[in-house]
Asker: 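Got a structure for you, questions after.
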Amino acid sequence: MKLFLDTADIDEIRTGVRWGVIDGVTTNPSLYAKVHDRTYDDVLTEICTITPGPVSAEVVSDDVEGMLREGRHFAKLADNIVVKVAMSENGLETIKRFRAEGIKTNCTLIFSANQGLLAAKAGASLLSPFVGRVDDINEEGMIIIRELAEIVNFYDLDAEVLAASVRHPRHVTDAALAGAHVATVPFKILQQMVHHPLTDLGIARFKQDWEAARAAMAANA
Ligand code: E4P
């Protein structure tokens with residue numbers, strides 16, 4: 001399973017890439033809004049140079065020509081840009097046009113398996129169901145991941161299911177078990193995945209015993 005970082009923060013991406021666990025990055029207008037001092041283009045260009053895999057850049061226009069214009073511009077910034085297009089009637093047409101031009105797309109704001117199926121048929125290479133936002137309204141977001149992954153695999157569709165809107169580490173495990181090809185996670189959740197209280201306790205105990213053994217050796221010498 002691939003792991004993407006869901007952030008526009010360069011330091012977080014550098015850290016995740018250093019750890020060797022990051023395969024790509026997803027950004028969106030809300031994540032970019034947290035970066036105050038640089039243009040979206042500048043941020044994307046830098047993210048693309050430090051990220052080994054795809055970097056999603058989201059368009060905000062509602063009309064096909066506007067989305068095409070924005071997406072073509074992003075695609076020129078780097079080879080690993082994937083244009084993020086929201087699910088809609090115009091979005092599907094835009095995805096199809098990008099596919100014909102050889103520009104990869106990530107269909108975002110997916111909230112049902114049917115929406116994901118349509119996005120895959122239009123030619124999106126990444127399908128992004130928003131797990132957390134579904135859970136937020138007291139429904140089961142992971143069902144969409146499971147259904148869509150099954151459909152993609154059953155019909156051998158040329159698309160990957162990307163679990164988005166991840167809220168906690170358990171979402172990552174559940175998405176992996178449900179067959180998601182990718183999960184995109186905020187940096188804080190990546191850190192939570194690293195740590196376990198028994199690991200921390202174990203490290204401290206080994207260190208303590210090591211020091212005690214060395215002290216005993218020194219006393220016997
Ligand atoms: C990623 O592609 C999505 O835009 C992101 O995961 C949405 O997360 P949120 O629901 O926490 O805003």
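Just so you know, ligand 1 is whichever comes first in the structure, and atom 1 is the first atom listed for that ligand.
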Asker: Is Asp174 salt-bridged to Arg170, cutoff N-O under 4.0 Å?
Answerer: yes
Asker: Please write down residue, atom name and distance for the protein heavy atom closest to atom 2 (O) of ligand 1.
Answerer: Lys84 NZ, 2.7 Å
Asker: Starting from atom 8 (O) of ligand 1, what is the nearest protein heavy atom, named by residue and atom, and what distance separates them?
Answerer: Ser165 CA, 3.4 Å
Asker: Check whether any heavy atom of Glu58 sits under 4.0 Å from an atom of ligand 1.
Answerer: no
Asker: Between Lys84 and Glu70, is the closest basic N to carboxylate O distance under 4.0 Å?
Answerer: no
Asker: Which protein non-hydrogen atom lies closest to atom 6 (O) of ligand 1, naming both residue and atom, and how far is it?
Answerer: Asp6 OD2, 2.6 Å
Asker: Would you mind telling me which of Asp6, Leu190, Thr184, Ile189 makes a side-chain contact (heavy atoms from CB on, under 4.5 Å) with Val166?
Answerer: Ile189
Asker: Would you say ligand 1 has an N or O under 3.5 Å from any N or O of Asn28?
Answerer: yes
Asker: Check His73, Lys76, Glu46 against Asp41 for a side-chain contact (heavy atoms from CB on, under 4.5 Å) and give me the one that passes.
Answerer: His73
Asker: Looking only at protein heavy atoms, which one is nearest to atom 11 (O) of ligand 1, and how far off is it?
Answerer: Arg167 NH1, 2.8 Å
Asker: For atom 3 (C) of ligand 1, what is the closest protein heavy atom, and at what distance to 0.1 Å?
Answerer: Phe130 CZ, 3.5 Å
Asker: So for ligand 1, is Arg133 a polar contact partner (N or O within less than 3.5 Å, distance only)?
Answerer: yes
Asker: Identify the residue among Leu5, Leu126, Thr7, Asn106 that makes a side-chain contact (heavy atoms from CB on, under 4.5 Å) with Thr26.
Answerer: Asn106
Asker: Kindly determine whether Val172 and Val185 satisfy side-chain contact (heavy atoms from CB on, under 4.5 Å), including the steps that lead there.
Answerer: CA-CA 8 Å; Val172 181; Val185 299; 3.6 Å; yes
